[in-house]
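Below is one structure, written out as structure tokens; comments come after it.
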Amino acid sequence: VQLQASGGGLVQAGGSLRLSCTASGRTDNIGSMAWFRQAPGKERELVAAIKWSGGRPFYGNSVKGRVTISKDNAKNTLYLQMNAVKPEDTAVYYCAEAEPTFALGTPTTQYEYAYWGQGTQVTVSS
């Protein structure tokens, strides 16, 4: 499985940005996909996650109400729409994929995700 993230860049505070992540290779066994981010000197944190089969997405508290995670199963692509961005959203954003499990909930820790993209930098200027 290979994950290719794109869409990062420099954006002014209050602006919007959309990240994309396309999966290739073995794509017939995706359980969940997620966006994580890591700012310098900070731990990696979950931004949003979604089960590939559908259902209610999960959002991290720091972004709830400002971001929307979505997917296009036919294109094997995950999206993250970010609105009203803040300087504290500055980080490297990673997409990740987890294999299917029998758990009902959406995986929310980085340890549950087996495959990772290379990351895309998002910088928000004040």
Side-chain angles (χ1 to χ4, degrees):
V1 175
Q2 293 82 43
L3 302 176
Q4 181 69 45
S6 61
L10 177 64
V11 60
Q12 286 191 331
S16 298
L17 202 64
R18 189 174 86 152
L19 306 182
S20 300
C21 174
T22 300
S24 60
R26 184 178 180 184
T27 58
D28 60 346
N29 198 39
I30 300 175
S32 299
M33 292 192 74
W35 290 97
F36 288 80
R37 69 184 183 185
Q38 188 165 21
K42 294 189 176 182
E43 293 186 356
R44 188 170 295 187
E45 67 168 339
L46 176 71
V47 177
I50 190 168
K51 281 205 163 186
W52 208 242
S53 58
R56 178 180 290 184
F58 180 92
Y59 294 100
N61 289 333
S62 60
V63 299
K64 201 172 291 184
R66 298 189 297 115
V67 307
T68 302
I69 189 171
S70 62
K71 58 185 178 66
D72 185 329
N73 291 50
K75 296 181 179 179
N76 296 315
T77 300
L78 180 74
Y79 302 99
L80 184 72
Q81 177 68 42
M82 303 176 63
N83 299 321
V85 296
K86 305 175 181 179
E88 50 263 44
D89 292 324
T90 295
V92 178
Y93 284 70
Y94 298 92
C95 59
E97 178 187 324
E99 294 179 340
T101 70
F102 292 107
L104 293 177
T106 303
T108 58
T109 73
Q110 59 177 313
Y111 309 105
E112 297 173 277
Y113 288 84
Y115 307 101
W116 292 82
Q118 83 287 4
T120 184
Q121 175 71 46
V122 172
T123 302
V124 181
S125 62
S126 56

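By convention here, the first residue in the shown sequence is residue 1.
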Could you pull out all residues at least two apart from Q81 that satisfy side-chain contact (heavy atoms from CB on, under 4.5 Å)? S16, R18, T68, N83
Ignoring hydrogens and angles, tell me if any N or O in the side chain of K71 forms a donor-acceptor pair with the backbone of S53 under 3.5 Å. no
Is the side chain of Q4 donor-acceptor paired with the backbone N or O of G117 at a distance under 3.5 Å, no angle test? no
d(R26 CZ, E97 CD) to nearest 0.5 Å is 9.5 Å
With side-chain contact (heavy atoms from CB on, under 4.5 Å) as the criterion, how do F58 and L46 come out once you've worked through the C-alpha distance, each side chain's angles and the decisive distance to 0.1 Å? CA-CA 9 Å; F58 180 92; L46 176 71; 3.3 Å; yes
Do the non-hydrogen side-chain atoms of N29 and P100 ever get within less than 4.5 Å of each other? yes
Run the side-chain donor-acceptor check on residues 119-126: report pairs under 3.5 Å with partners two or more places apart or on a different chain.
{"residue": "T120", "atom": "OG1", "partner": "G8", "partner atom": "N", "Å": "3.1"}
{"residue": "Q121", "atom": "NE2", "partner": "A91", "partner atom": "O", "Å": "3.4"}
{"residue": "Q121", "atom": "NE2", "partner": "T123", "partner atom": "OG1", "Å": "3.3"}

Does V92 belong to the same Ile/Leu/Val/Met/Phe/Trp/Tyr cluster as V85, with side-chain heavy atoms less than 4.5 Å apart forming each link? no
Taking all non-hydrogen atoms of both residues into account, name the closest pair between S32 and K51 and its distance. OG-CG, 3.5 Å
Search all heavy atoms of Y93 against all heavy atoms of M82 and return the closest pair with its distance. OH-CE, 3.3 Å
So, for W52 and N76, which heavy atoms are closest and what is the spacing to 0.1 Å? CZ2-CA, 3.9 Å
Would you name the heavy atoms of I69 and I50 that are closest together and state the gap between them? CD1-CG2, 3.8 Å
Output the distance between atom CE (M33) and atom CG (L3), rounded to the nearest 0.5 Å. 5.0 Å
Test item: T27 side-chain N/O and S24 main-chain N/O as donor-acceptor pair under 3.5 Å: no
Going by salt bridge (Lys or Arg N to Asp or Glu O under 4.0 Å), name the residues that satisfy it together with E45, two or more places apart in sequence or in a different chain. R37
Could you check whether any side-chain N or O of Y113 sits under 3.5 Å from a backbone N or O of C95, counting only pairs where one atom can act as donor and the other as acceptor? no
Is it true that V11 and V47 fall in one hydrophobic cluster, defined by side-chain heavy atoms closer than 4.5 Å? yes
In the structure I gave you, are the side-chain heavy atoms of R66 and Y59 within less than 4.5 Å of one another anywhere? no
Please give me the minimum heavy-atom distance between W35 and S20, naming the atom from each residue. CH2-O, 3.5 Å
What closest approach, in Å, do A48 and L80 show between heavy atoms, and which atom pair accounts for it? CB-CD1, 4.2 Å
Which label fits F36 and W116: parallel for a plane angle under 30°, tilted from 30 to 60°, or perpendicular past 60°? tilted
